[in-house]
Novice: 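There's a structure below that I have some questions on.
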Amino acid sequence: MTTGEKITVTNGVLNVPNNPIIPFIEGDGTGPDIWAASVRVLDAAVEKAYKGEKKIAWKEVLAGEKAFNQTGEWLPQETLNLIDEYLLAIKGPLTTPVGGGIRSLNVALRQELDLYVCVRPVRYFEGVPSPVKRPEDTDMVIFRENTEDIYAGIEYQKGSAEVQKVLEFLQTEMGVKKIRFPETSGIGIKPVSEEGTKRLVRAAIQYAVDHGRKSVTLVHKGNIMKFTEGAFKNWGYEVAEQEFSDQVFTWAQYDRLVEEQGKQAANEAQAAAEAAGKIIVKDSIADIFLQQILTRPKEFDVVATMNLNGDYISDALAAQVGGIGIAPGANINYVTGHAIFEATHGTAPKYAGLDKVNPSSVILSGVLMLEHLGWNEAANLIVGSMEKTIASKVVTYDFARLMDGATEVKCSEFGDELIKNMDTVQVNA
Ligand SMILES: NC(=O)C1=CN([C@@H]2O[C@H](COP(=O)(O)OP(=O)(O)OC[C@H]3O[C@@H](n4cnc5c(N)ncnc54)[C@H](OP(=O)(O)O)[C@@H]3O)[C@@H](O)[C@H]2O)C=CC1
Ligand SMILES: O=C(O)CCC(=O)C(=O)O
Ligand SMILES: [Mg+2]
């Protein structure tokens, strides 16, 4: 590790030294292979962009299997303390067992540091094999709520004393009669709050404003879950109208206009708002949304949704632009400045240690981190190099198996190619 300085924050704005200390978690499964390639690419881009003037001082922090083997803990308090202290971190994927065992460390990191937004941009790189005809039409940024919903982990196991208590409360005190098989039910609880929703939707709209995006779609299943997902929609419209009234036009406004002045007046108001460059805040029920992102992707831009919907939508949209091998993300608290950058994918355990998988998701998460630091020159170098490398058909197995005439390379070799091709990319801020 080189010596470095701490990133600090003043009123939500980062003060970034030229040699920031940034913690990293290697991750489980394919994590170590991916991280080894990614860190070389990130360092090379910074070196090339700033010619030694800037350099990241990486600091390893432990989580997952490596932490357990070395300390007996899956997520040591020291790791949380260090990320809290240094503000930013980047991580590889961590394993979560299904149906028992430890709860997700990935979710725990987000909750412990209150990283309430999971931002997952979905864009197409020319040449990437995709299952859809026009993958370039998919250009969306998912804002997934990251601290609530069923991910709060409030669940009680079938047959336990706890589930018995909850069932008794529901049946005797709340008069619930619709639990079909009470004796053999596990119960999960889904908290969705006004505060949590509004800070998420506020961040999504602010992003749309800052990046000149056309719309924000609130995705929910509010017809069925009225007081959680339905409320998410209503609170989303409220924050849009209360805090961004000069910048947005909402479908809630549209509906009110239809009622008060008729459909033609509402259509005219929406057209005028669009012509004035206002962001349209609309909503979509989750099931039809999953169909329309495939059939009419151009109609969607920024997407704001709850935790579980966001998890499903992230992988579905990643598939449209070539899959989970090229799907970056960032978990952010816009108020405290804390952020952890990580891929959308998991540990892909069957490929662990084979130096095989695509490192692009973590590398592009690193690009989001560089942008977050304001180091756009280095970020642009990586994106430009990735465009060139993919266009030259030198790719990892996931793309090679679907591409005619591709040269399949290992995870580490793809990193080498990216570094090599940086020399042909113009550095732009
Ligand atoms: N944030 C995190 O740390 C996350 C952790 N996880 C955890 O990861 C573990 C495994 O989850 P699983 O559901 O199998 O999902 P994964 O995302 O780990 O893998 C599913 C499939 O996606 C493809 N894939 C994943 N990563 C890459 C990559 N870098 N390059 C190319 N292809 C890739 C592979 O497809 P193919 O087989 O077609 O080659 C792989 O078999 C679980 O414990 C889960 O909880 C899951 C998601 C996020
Ligand atoms: O934490 C996990 O194991 C899975 C999380 C996940 O799928 C996600 O955040 O997209
Ligand atoms: Mg997921």
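Note that these values count all heavy atoms, side chains included, but never hydrogens, waters or copies made by symmetry. Just follow the structure's listing: the first ligand is 1, and inside any ligand the first atom is 1.
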Novice: Can you list the ligand 1 atoms lying under 4.0 Å from a non-hydrogen atom of V357?
Specialist: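 Atoms satisfying the 4.0 Å criterion: 28 (C), 29 (N), 30 (N).
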Novice: Would you say the ring centers of F341 and H372 fall short of 6.0 Å from each other?
Specialist: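 For F341 and H372, the ring centres are under 6.0 Å apart.
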Novice: With atoms numbered from 1 as shown, which atoms in ligand 1 lie under 4.0 angstrom from a non-hydrogen atom of P93?
Specialist: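 Under 4.0 Å from P93, ligand 1 has these atoms: 3 (O).
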Novice: Answer with side chain, backbone, both or neither: which part of R144 has a heavy atom less than 4.0 angstrom from an atom of ligand 2?
Specialist: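 Contact part for R144 vs ligand 2: side chain (C-beta onward).
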Novice: Are Y50 and W375 close enough that their ring centers fall under 6.0 Å?
Specialist: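 So the answer is yes for these two rings.
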Novice: Say whether V362 and ligand 1 are in contact under the criterion: heavy-atom distance to a ligand atom below 4.0 Å.
Specialist: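 Contact check V362 vs ligand 1: negative.
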Novice: Would you say K214 has more than 12 foreign heavy atoms packed within less than 6.0 Å of its NZ?
Specialist: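 No.
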Novice: Salt bridge or not between D416 and R40? Use side-chain N to carboxylate O under 4.0 Å.
Specialist: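 Yes, charged N to carboxylate O under 4.0 Å.
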Novice: Can you tell me which portion of R120 lies within the under-4.0 Å heavy-atom range of ligand 2? Options are side chain, backbone, both, or neither.
Specialist: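 Under 4.0 Å from ligand 2, R120 contributes side-chain atoms alone.
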Novice: In the protein, what heavy atom is nearest to atom 24 (N) of ligand 1, and what distance, to one decimal place, separates them?
Specialist: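 Ranked first by proximity to atom 24 (N) of ligand 1 is I324 CG2, 3.2 Å.
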Novice: What residue and heavy atom of the protein are closest to atom 1 (O) of ligand 2, and at what distance?
Specialist: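 Its nearest protein heavy-atom neighbour is S104 OG, 2.5 Å.
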Novice: Does ligand 2 have any atom that is closer than 4.0 Å to a heavy atom of R110?
Specialist: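 Yes.
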Novice: Show which side-chain atoms of residues 15-26 pair as donor or acceptor with protein atoms under 3.5 Å away, not counting sequence neighbours.
Specialist:
| unit_1 | atom_1 | unit_2 | atom_2 | d |
| --- | --- | --- | --- | --- |
| N15 | ND2 | T8 | OG1 | 2.8 |
| N15 | ND2 | T10 | OG1 | 2.9 |
| N18 | OD1 | K54 | NZ | 3.1 |
| E26 | OE1 | K66 | NZ | 3.1 |

Novice: If you measure from each heavy atom of K356 to ligand 1, is any distance below 4.0 Å?
Specialist: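 It does not; every heavy atom stays at 4.0 Å or beyond.
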Novice: Closest non-hydrogen protein atom to atom 7 (O) of ligand 2, residue and atom name please, with distance?
Specialist: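 Atom 7 (O) of ligand 2 sits closest to the protein heavy atom D311 OD1, 3.2 Å.
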Novice: Below 4.0 angstrom from a heavy atom of T95, which ligand 1 atoms are there? Numbered from 1 as shown, please.
Specialist: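 By the 4.0 Å cutoff, the relevant atoms are 43 (O).
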Novice: Should the heavy atoms of other residues, nucleotides or ligands under 6.0 Å from CZ of F227 be counted, would the total exceed 12?
Specialist: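 Count not over threshold, so no.
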Novice: Could you tell me the residue and atom name of the protein heavy atom closest to atom 4 (C) of ligand 2, and the distance to it rounded to 0.1 Å?
Specialist: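 Of the protein heavy atoms, N106 ND2, 4.4 Å lies nearest.
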Novice: Against heavy atoms of R110, which atoms of ligand 1 measure under 4.0 Å?
Specialist: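 This gives 1 (N) as the contact atoms.
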Novice: Please list, in chain and residue-number order, the protein N/O/S atoms closer than 2.8 Å to the Mg ion (ligand 3).
Specialist: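 Under 2.8 Å from the Mg ion (ligand 3) - ignoring waters, which are not counted - the protein N, O or S atoms are D311 OD1.
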Novice: Pull out every atom of ligand 1 sitting under 4.0 Å from any heavy atom of T344, numbered as shown with elements.
Specialist: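 Close to T344: 47 (C), 48 (C).
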Novice: So which heavy atom in the protein is nearest atom 3 (O) of ligand 2, and how far is it from that ligand atom?
Specialist: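 Ranking protein heavy atoms by distance from atom 3 (O) of ligand 2, first comes T96 OG1, 2.5 Å.
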Novice: Polar-atom distance check: T95 versus ligand 2, any N or O pair below 3.5 Å?
Specialist: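 It does not: no N or O of T95 is found under 3.5 Å from an N or O of ligand 2.
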